[in-house]
Chemist: 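Before I ask anything, let me first share the structure, which is written out below as structure tokens.
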Number of protein chains: 2
Amino acid sequence: MDHAHDPQRLVALVERILDPDDAELLAERFKLLADPGRVRMVSALVEAGELCVCDLAEVVGSSESATSHQLRQMRLAGLVRARKQGRSVYYRVADSHIRLLLDVAVEHYLHGDPR
Amino acid sequence: MDHAHDPQRLVALVERILDPDDAELLAERFKLLADPGRVRMVSALVEAGELCVCDLAEVVGSSESATSHQLRQMRLAGLVRARKQGRSVYYRVADSHIRLLLDVAVEHYLHGDPR
DNA sequence: TGAACATCTGAGGTGATGTTCATGTATATC
DNA sequence: GATATACATGAACATCACCTCAGATGTTCA
């Protein structure tokens with residue numbers, strides 16, 4: 001017996017999975033955490049609460065320009081917020097979603113629990 | 001008054017954030033979900049439990065070759081597992097981590113709760 | 001055995017991504 | 001006002017990621 005290829009089942013399945021727009025949106029969010037530098041930045045911001053660009057750059061070990069570029073991305077995506085004070089700009093994570101997502105990922109991928 | 005630039009604070013902070021290796025590993029994981037096509041594939045596999053390549057390709061609306069390439073990526077990363085039966089290969093999600101991560105993301109980014 | 005099918009794989013093109021470098025702007029200090 | 005600092009921005013460049021296409025492998029069936 002061959003496999004099903006049941007058209008009805010497939011049509012019904014399409015109805016239940018993420019539609020293209022939602023998938024695009026989710027992928028955009030995951031993309032922001034799909035870079036080691038940005039993950040460390042978010043980690044640092046979560047730990048410190050708030051950091052200016054040059055301090056953040058030093059903590060993650062990247063140039064200020066590269067850091068600024070990354071922060072711009074995350075700021076435009078609404079992932080971090082900026083507060084200007086004097087000539088410094090302090091960044092913080094904007095919402096708790098990223099915090100939670102990072103926590104879940106760390107918990108499950110780094111701290112054992114292989115299933 | 002200028003901002004702190006407190007070296008001790010920064011050194012202490014570096015100790016507490018994700019180290020480069022862990023950040024790399026996490027980023028790799030997030031990268032797998034950072035593509036609309038893969039997100040839909042995972043969504044379909046979670047919903048259906050198991051799907052062969054051609055059905056999966058049809059459900060997500062992608063070519064079989066592209067789908068196979070994506071599956072290979074996810075398979076090598078240990079995200080999905082393959083079961084061969086006849087000339088078909090059935091894929092399923094390998095661990096519950098991705099399932100959880102996807103659920104959390106869907107819950108927080110798609111289903112309201114803007115904070 | 002031959003033909004159709006399901007899947008995999010490598011090569012190549014193209015667009016996205018991240019970095020550096022140079023420069024621009026705003027603020028603080030002298 | 002001149003200079004230094006903190007950050008932002010745009011261009012150039014290298015790299016990576018994803019797709020298509022062509023072809024190879026393994027399987028089923030007549």
Side-chain angles (χ1 to χ4, degrees), chain A residues 1-6 10 20 23-24 27-42 44-45 50-77 79-92, chain B residues 1-7 10 20 23-24 27-42 45 50-77 79-92:
Chain A
M1 175 184 59
D2 208 1
H3 71 221
H5 271 314
D6 183 349
L10 297 187
E24 185 72 47
E28 289 297 326
R29 292 300 174 160
F30 282 123
K31 218 169 279 185
L32 291 169
L33 290 174
D35 175 84
R38 282 195 297 272
V39 167
R40 296 191 84 213
M41 288 184 195
V42 171
L45 291 177
E50 203 178 51
L51 282 171
C52 66
V53 179
C54 67
D55 280 358
L56 185 53
E58 187 175 332
V59 168
V60 303
S62 186
S63 76
E64 290 188 18
S65 182
T67 303
S68 180
H69 275 294
Q70 300 282 35
L71 285 170
R72 174 189 163 86
Q73 253 190 273
M74 297 197 277
R75 178 166 33 88
L76 293 180
L79 197 145
V80 299
R81 298 237 174 92
R83 175 179 71 87
K84 187 168 184 177
Q85 180 182 330
R87 52 187 166 191
S88 296
V89 176
Y90 291 89
Y91 280 86
R92 64 187 186 285
Chain B
M1 176 182 60
D2 206 2
H3 73 220
H5 270 315
D6 182 349
L10 296 186
E24 184 72 47
E28 289 297 326
R29 293 299 174 159
F30 281 122
K31 217 169 281 185
L32 290 169
L33 290 173
D35 176 86
R38 282 196 297 274
V39 168
R40 295 190 86 212
M41 288 183 195
V42 172
L45 290 178
E50 204 179 47
L51 282 172
C52 66
V53 179
C54 68
D55 280 358
L56 186 53
E58 187 173 332
V59 169
V60 304
S62 185
S63 77
E64 291 187 16
S65 183
T67 303
S68 181
H69 276 294
Q70 301 281 36
L71 285 171
R72 173 189 163 85
Q73 255 190 270
M74 297 197 276
R75 178 164 34 86
L76 292 180
L79 198 145
V80 299
R81 298 233 175 95
R83 175 179 71 87
K84 188 166 182 178
Q85 180 183 330
R87 53 188 166 192
S88 295
V89 177
Y90 291 89
Y91 280 86
R92 64 187 185 285

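Sequence lines set the chain letters: A, B, ... in the order given, protein chains first and strands last, and positions in each chain run from 1. It should be emphasised that the depicted structure is a prediction, and the values quoted were computed from it without experimental measurement.
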Chemist: Look at the side chain of B:Cys52 and decide which nucleotide, out of D:dC19, D:dC18, C:dT7, has an atom nearest to it.
Modeler: C:dT7
Chemist: Out of D:dA6, D:dC18, D:dA17, which has the shortest distance to the side chain of B:Asp35?
Modeler: D:dC18
Chemist: Taking donor-acceptor contacts at under 3.5 Å, does the side chain of B:His69 reach the base of C:dT7?
Modeler: no
Chemist: Using OP1 and OP2 only, check whether a side-chain N or O of B:His5 sits under 4.0 Å from D:dT5.
Modeler: no
Chemist: Check this one for me: any side-chain N or O of B:Arg75 less than 4.0 Å away from OP1 or OP2 of C:dT9?
Modeler: yes
Chemist: Pick the nucleotide of DNA chain C nearest each of B:Thr67 and A:Thr67; which residue has the one closer to the 5' end?
Modeler: B:Thr67
Chemist: Which one, D:dC18, D:dC7, D:dT27, comes nearest to the side chain of B:Gln70?
Modeler: D:dC18
Chemist: Would you mind telling me which of D:dT20, D:dC7, C:dC8 lies closest to the side-chain atoms of B:Ala66?
Modeler: D:dT20
Chemist: Once rounded to the nearest 0.5 Å, what's the spacing between atom CG of B:Leu51 and atom OH of B:Tyr91?
Modeler: 12.0 Å
Chemist: In whole Å, I'd like the distance from the CG atom of A:Leu51 to the C1' atom of D:dC7.
Modeler: 15 Å
Chemist: Has A:Gln85 got a side-chain N or O lying under 4.0 Å from the OP1 or OP2 atom of D:dA6?
Modeler: no
Chemist: Less than 4.0 angstrom between a side-chain N/O of B:Ser88 and OP1 or OP2 of C:dA6, yes or no?
Modeler: no
Chemist: Examine C:dA6: is either OP1 or OP2 under 4.0 Å from a nitrogen or oxygen in the side chain of B:Tyr91? Give yes or no.
Modeler: no
Chemist: Applying the Watson-Crick and G-U wobble criteria at under 3.5 Å, what pairs with D:dA30? Answer none if nothing qualifies.
Modeler: C:dT1
Chemist: On the nucleotide C:dA4, are OP1 or OP2 found under 4.0 Å from the side-chain N or O atoms that B:Arg87 carries?
Modeler: no
Chemist: Would you compute the distance between atom CD of B:Gln85 and atom SG of B:Cys52 and round it to the nearest 0.5 angstrom?
Modeler: 10.0 Å
Chemist: Take atom CD of B:Glu58 as the centre, draw a 6.0 Å sphere, and report whether it contains more than 12 heavy atoms from other residues, nucleotides or ligands.
Modeler: no
Chemist: Rounding to a whole Å, what distance do you find between A:Glu28:CD and D:dA17:C1'?
Modeler: 14 Å
Chemist: Within the structure shown, what part of the strands sits under 4.0 Å from B:Glu64 by heavy-atom distance: base, sugar-phosphate, or nothing?
Modeler: base
Chemist: Can you measure from CZ (B:Arg29) to CG (A:Leu33) and round to the nearest 0.5 angstrom?
Modeler: 15.0 Å
Chemist: Write down the distance between CG (A:Leu56) and C1' (D:dA8), rounded to a whole number of angstrom.
Modeler: 15 Å
Chemist: On the nucleotide D:dC7, are OP1 or OP2 found under 4.0 Å from the side-chain N or O atoms that A:Arg72 carries?
Modeler: no
Chemist: Starting at atom CZ of B:Phe30, determine the distance to atom P of D:dC16, rounded to an integer number of angstrom.
Modeler: 22 Å
Chemist: Side chains of B:Val80 and B:Met74, heavy atoms from C-beta outward: is any pair under 4.5 Å?
Modeler: yes
Chemist: Would you mind telling me which of C:dT20, D:dC7, D:dT5 lies closest to the side-chain atoms of A:Ser63?
Modeler: C:dT20
Chemist: Find the distance between CE (A:Met41) and CG (A:Leu32) and round it off to the nearest 0.5 Å.
Modeler: 12.0 Å
Chemist: Determine the contact category for A:Ser62: base if any of its heavy atoms lies under 4.0 Å from a base atom, sugar-phosphate if only primed atoms, P, OP1 or OP2 are that close, otherwise nothing.
Modeler: nothing
Chemist: To the nearest angstrom, how far is B:Lys84 atom NZ from C:dC5 atom P?
Modeler: 18 Å
Chemist: Could you tell me the separation between the NZ atom of B:Lys31 and the C1' atom of D:dC18, rounded to a whole number of Å?
Modeler: 14 Å
Chemist: Counting distance alone, no hydrogens or angles: does the base of C:dC21 have a donor or acceptor under 3.5 Å from a partner atom on the side chain of A:Ser65?
Modeler: yes
Chemist: Give the rounded distance in Å between these two atoms: CG of A:Leu33 and C1' of C:dG18.
Modeler: 16 Å
Chemist: What is the distance from CG of A:Leu71 to P of D:dA6, rounded to the nearest Å?
Modeler: 16 Å
